Amino acid sequence: MALHLDTPLIESLPLGRASGREVWLKLDALQPAGSFKIRGIGLACETQHARGARRFVSSSGGNAGLAVAYAGRRLGVPVTVVMPQSATERAQALLRQEGAEVRVHGASWQEAHALAQSLTGADEALIHPFDDPLLWQGHATLVDEAVRAGQGFDAVLLSVGGGGLLCGVAEGLRRHGLDHVPIIAVETEGAASLRAAIQAGGPVELPRIDSIAVSLGAKRVCDRAWQWTREREVRSVVLPDARALAACERFLDDHRILVEPACGASLAPVYDAAPALEGCRRLLVVVCGGVTATLAQMRAWAGR
Ligand SMILES: *Cc1c(COP(=O)(O)O)cnc(C)c1O
């Protein structure tokens with residue numbers, strides 16, 4: 001049995017009213033480990049487990065690392081997570097609660113990832129947070145479920161960090177003959193690596209990440225994410241942190257679910273009835289979730 005859950009798909013009247021459209025929410029905030037990441041990471045871990053991997057190694061101090069830790073606990077495989085110094089105490093505590101060994105190394109994800117690579121032995125598996133076809137295949141189950149539910153949609157909103165979710169959703173749409181359905185790909189200012197790739201004509205590395213939406217903080221999107229923007233319609237939206245944060249607060253009031261700013265980013269264009277929604281009547285919003293935000297943290301950001 002898969003490690004992820006078939007999540008609820010509910011209509012949102014508050015977001016519908018705000019945007020003047022029909023809005024459906026795919027509630028992946030309710031996945032075990034708190035985000036959509038367990039879909040792809042669960043599949044990658046199960047596959048590596050079947051191939052005989054004796055340990056999983058992850059380089060993410062956020063939702064990806066937590067999903068690996070969860071998968072390892074469920075499969076009975078030990079997990080080591082190398083996280084950058086920027087990761088929070090809370091993230092460390094959550095990983096240890098899942099039984100993972102935590103090592104802190106490097107100023108950014110790049111350095112943590114390099115150490116994770118060097119630590120991974122021959123019979124161990126390094127689980128990438130976004131750039132792996134197995135991961136995309138797992139993320140695509142989100143579209144399978146939404147299509148099976150049968151009420152239809154003519155656009156999908158999602159957030160983009162390294163682009164794994166985008167790749168998975170695009171793959172899922174393709175296998176259901178839905179290449180014509182636009183993907184509205186949302187990033188925050190300071191973490192807009194997909195927008196940079198589109199403008200440069202290929203993935204480029206941002207000099208730095210500067211956004212409270214830490215889960216979107218990949219300096220460079222994976223090649224496949226950029227290729228999708230050439231193969232199908234992907235509308236790039238970049239918005240300020242303050243819009244993402246405001247969307248999180250409204251969403252907490254409207255649906256009683258606390259999500260990270262990384263997730264608030266894809267709710268914001270709906271609350272704001274953004275021009276990118278033009279021509280779309282029935283929106284499917286991927287409520288990607290995230291566990292790194294607390295109410296206290298949200299209040300601190302709002303006070304800034
Ligand atoms: C990882 C993550 C993202 C971004 O996903 P990518 O596959 O890196 O593009 C967005 N939101 C949340 C909550 C995440 O954990």
Side-chain angles (χ1 to χ4, degrees), residues 4 7 26-44 58-70 83 87-88 91 94-95 109 113 127-140 142 156-172 183-188 191-197 203 206 209 211-226 228-229 234 236-237 241 244-245 247-248 251 257-268 285-293 297-298:
H4 69 266
T7 53
K26 187 64 176 152
L27 291 176
D28 264 44
L30 305 182
Q31 288 287 359
S35 78
F36 74 94
K37 288 241 170 46
I38 189 60
R39 291 181 183 273
I41 285 175
L43 179 62
S58 167
S59 54
S60 158
N63 298 310
L66 194 63
V68 176
Y70 173 80
M83 53 201 292
T88 59
L94 289 170
L95 287 165
W109 174 78
H113 189 67
I127 308 294
H128 198 283
F130 56 82
D131 192 4
D132 175 0
L134 262 180
L135 221 68
W136 309 332
Q137 190 188 326
H139 292 341
L142 186 152
V156 182
L157 279 101
L158 53 79
S159 303
V160 175
L165 178 59
L166 169 66
C167 290
V169 166
E171 185 175 316
I183 293 176
I184 301 173
V186 191
E187 301 173 284
T188 50
S193 48
L194 182 70
R195 170 68 65 85
L206 300 176
I209 295 294
S211 170
I212 62 171
V214 288
S215 298
L216 306 186
K219 285 188 183 167
R220 187 183 188 280
V221 284
C222 59
D223 292 343
R224 186 69 187 102
W226 174 73
W228 278 114
T229 69
V234 177
S236 163
V237 174
D241 279 349
L245 188 59
C248 291
F251 192 68
I257 298 173
L258 179 64
V259 296
E260 287 183 17
C263 177
S266 44
L267 299 167
V285 184
V286 179
V287 182
C288 50
V291 295
T292 69
Q297 174 76 80
M298 306 281 272

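Counting starts at 1 for both ligands and their atoms, in listed order. Note that the structure is a prediction, hence the values are computed from the model and not measured. Heavy atoms only: backbone and side chains are in, while hydrogens, waters and symmetry mates are out.
Ring to ring, W136 and H128 are not that close: their centroids are 6.0 angstrom or more apart.
Residues passing the side chain to side chain donor-acceptor pair (under 3.5 Å) test with S159, sequence neighbours excluded: S266. Considering only residues two or more places apart in sequence or on other chains, S211 meets the side chain to side chain donor-acceptor pair (under 3.5 Å) condition with T188, D241. Partners of R224 by salt bridge (charged side-chain N to carboxylate O under 4.0 Å, His left out), not counting sequence neighbours, listed by chain and number: E231.
In this structure the side chain of F36 reaches within 4.5 angstrom of the side chain of H139, judged on heavy atoms. Inter-residue side-chain proximity for P129 and W109 is flagged as met; some heavy-atom pair is nearer than 4.5 Å.
For ligand 1, the protein residues placed under 4.0 Å by at least one non-hydrogen atom are F36, K37, N63, F130, V160, G161, G162, G163, G164, L165, S215, L216, A262, C288, G289, G290.
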